[in-house]
Q: 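I'd like to ask some things about the structure below.
Residue numbers start from 1 in every chain, and the chains themselves are labelled A, B, ... in the order their sequence lines are given, proteins ahead of strands. Here the structure is a predicted model, which is why all the values come from computation and not from measurement.
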Amino acid sequence: MKIATYNVNGVNGRLPILLRWLKEQAPDIVCLQELKAAQESFPAAALRDAGYGAIWHGQKSWNGVALLARGRAPLETRRGLPGDPDDAQSRYIEGVVEGIVIGCLYLPNGNPAPGPKFDYKLRWFDRLATYADELLHLDIPAALIGDFNVMPTDLDVYKPERWKDDALFRPEVRTAFQALLAQGWMDALRALHPTGRIYTFWDYFRNAYARDAGLRIDHLLLSPALSGHLVEAGVDRHVRGWEKTSDHAPTWIELADHR
DNA sequence: ATGCCGTATATAATACGA
């Protein structure tokens, strides 16, 4: 079973690219971020025609997350992260597919740091950590997948010294990410490729993709009940080279039969 | 080093991303 995450940076503007990639790779489960579309503007019919059922949490212009499943409809178990009923940003949706709880998330960017946006990012991270720990204690196959907007270590940035004060790389957020791993979650790509330079994002500017000036910020975290089934992980980096593409590339894992 | 590009919406100028 192949599970992927893809920050599409506008699901309607990116629809031809998304459909091309879905047809090419046929992932079984897909987490999408940055829909930038209102709830009623999500392209559910086009995705259904492509063979995917979907649940999504839209928001006009900004944010937005979706969970797709090939040949079936995810069973929704949560929308929105607990811990702040006043949080109006669409950044978390969760469903069950094939007996796996899949949490699809878009963690706040947080720039500029310091400032209110960075404070929001840290609060959101706190809420995620609290909920992630509850999920782990259910002792079930579960995954937290999406755009975490964190480079976990120096190995995940093309030039670490240039990013040390950025909201994606400051010590507070790296510590918060490591705390998730300490709870028991496995960083799937890093687990299978402990020393490799792996990027999932390249800026549109400065010819970043051609220079391979990238960041690893899209992650797939697996619960212990699932991590033993991990067999492969990678990035479809060629998709970043397509015309009219997102600044992120699809990132994926392959699981052996988890039943 | 820098939103230099790209997407969204009040389709013109802004807000936002990382």
Q: Which donor-acceptor pairs under 3.5 Å do side chains of residues 15-26 of chain A form with protein atoms, sequence neighbours excluded?
A:
unit_1 : atom_1 : unit_2  : atom_2 : d
W21(A) : NE1    : D236(A) : OD2    : 2.8
E24(A) : OE2    : H238(A) : NE2    : 2.6
Q25(A) : OE1    : K2(A)   : NZ     : 2.9

Q: Please give, in whole Å, the distance from dC16(B) P to L35(A) CG?
A: 19 Å
Q: Nearest whole Å is fine: how far is dC16(B) C1' from F118(A) CZ?
A: 18 Å
Q: Over how many whole Å does the gap from N7(A) atom CG to dG6(B) atom P extend?
A: 16 Å
Q: Using 4.0 Å as the upper bound for N to carboxylate O, is an ion pair formed by D87(A) and R123(A)?
A: no
Q: Side chain to side chain donor-acceptor pair (under 3.5 Å), that's the test. Do E94(A) and Y131(A) meet it? Break it down for me.
A: CA-CA 12 Å; E94(A) 181 189 284; Y131(A) 181 64; 2.7 Å; yes
Q: I'd like to know if D203(A) reaches the base of dG3(B) with its side chain such that a donor and an acceptor end up less than 3.5 angstrom apart.
A: yes
Q: Under 4.0 Å, counting only non-hydrogen atoms across every strand here, what does N207(A) touch: a base, just sugar-phosphate, or nothing?
A: nothing
Q: Between dC5(B) and dA10(B), how far apart are the P atoms? Round to whole Å, please.
A: 25 Å
Q: Could you give all pairs that pass the side chain to side chain donor-acceptor pair (under 3.5 Å) test and reach residues 133-148 of chain A, with sequence neighbours left out?
A: N7(A)-D147(A)
Q: Could you tell me whether the phosphate oxygens of dT7(B), OP1 or OP2, come under 4.0 Å of any side-chain nitrogen or oxygen in R14(A)?
A: yes
Q: Sticking with atom C1', work out how far dT7(B) lies from dA12(B), rounded to a whole angstrom.
A: 15 Å
Q: For the pair made of CG in N149(A) and P in dG17(B), what is the distance, rounded to whole Å?
A: 9 Å
Q: If you only use heavy atoms from C-beta on, which nucleotide in dA1(B), dG17(B), dG3(B) is closest to the side chain of R162(A)?
A: dA1(B)
Q: How far does the C1' atom of dG3(B) sit from the matching atom of dA8(B), given to the nearest Å?
A: 16 Å
Q: Rounded off to whole Å, could you give me the OH-to-C1' distance for the Y106(A) and dA8(B) pair?
A: 12 Å
Q: Could you state the atom-to-atom distance from CG of N63(A) to C1' of dC16(B) in whole Å?
A: 10 Å
Q: To the nearest Å, give me how far apart CG (L107(A)) and P (dG17(B)) are.
A: 12 Å
Q: Taking the six-membered ring of Y199(A), is the NZ or CZ of R216(A) close enough (under 6.0 Å from the centre) and on axis enough (within 45°)?
A: no
Q: Determine the interatomic distance between C1' on dA1(B) and the same-named atom on dA15(B); round to the nearest Å.
A: 22 Å
Q: Roughly how many Å apart are dG6(B) and dT11(B), using the C1' atom of each and rounding to a whole number?
A: 16 Å
Q: Between CD of E172(A) and NZ of K121(A), what distance do you get to the nearest 0.5 Å?
A: 10.0 Å
Q: Specify the residue among K244(A) and E34(A) whose closest nucleotide of DNA chain B lies further upstream toward the 5′ end.
A: K244(A)
Q: Under 6.0 Å between ring centres, would you say that holds for Y209(A) and W202(A)?
A: yes
Q: Polar atom pairs between nucleotides 9-15 of chain B and protein, under 3.5 Å, N or O only, would you list them?
A:
unit_1  : atom_1 : unit_2 : atom_2 : d
dA10(B) : OP1    : K60(A) : NZ     : 2.8

Q: Relative to each other, are the rings of F177(A) and F148(A) parallel, tilted or perpendicular (30° and 60° limits)?
A: perpendicular
Q: Send over the distance from R206(A) CZ to dG3(B) P, rounded to a whole Å.
A: 8 Å
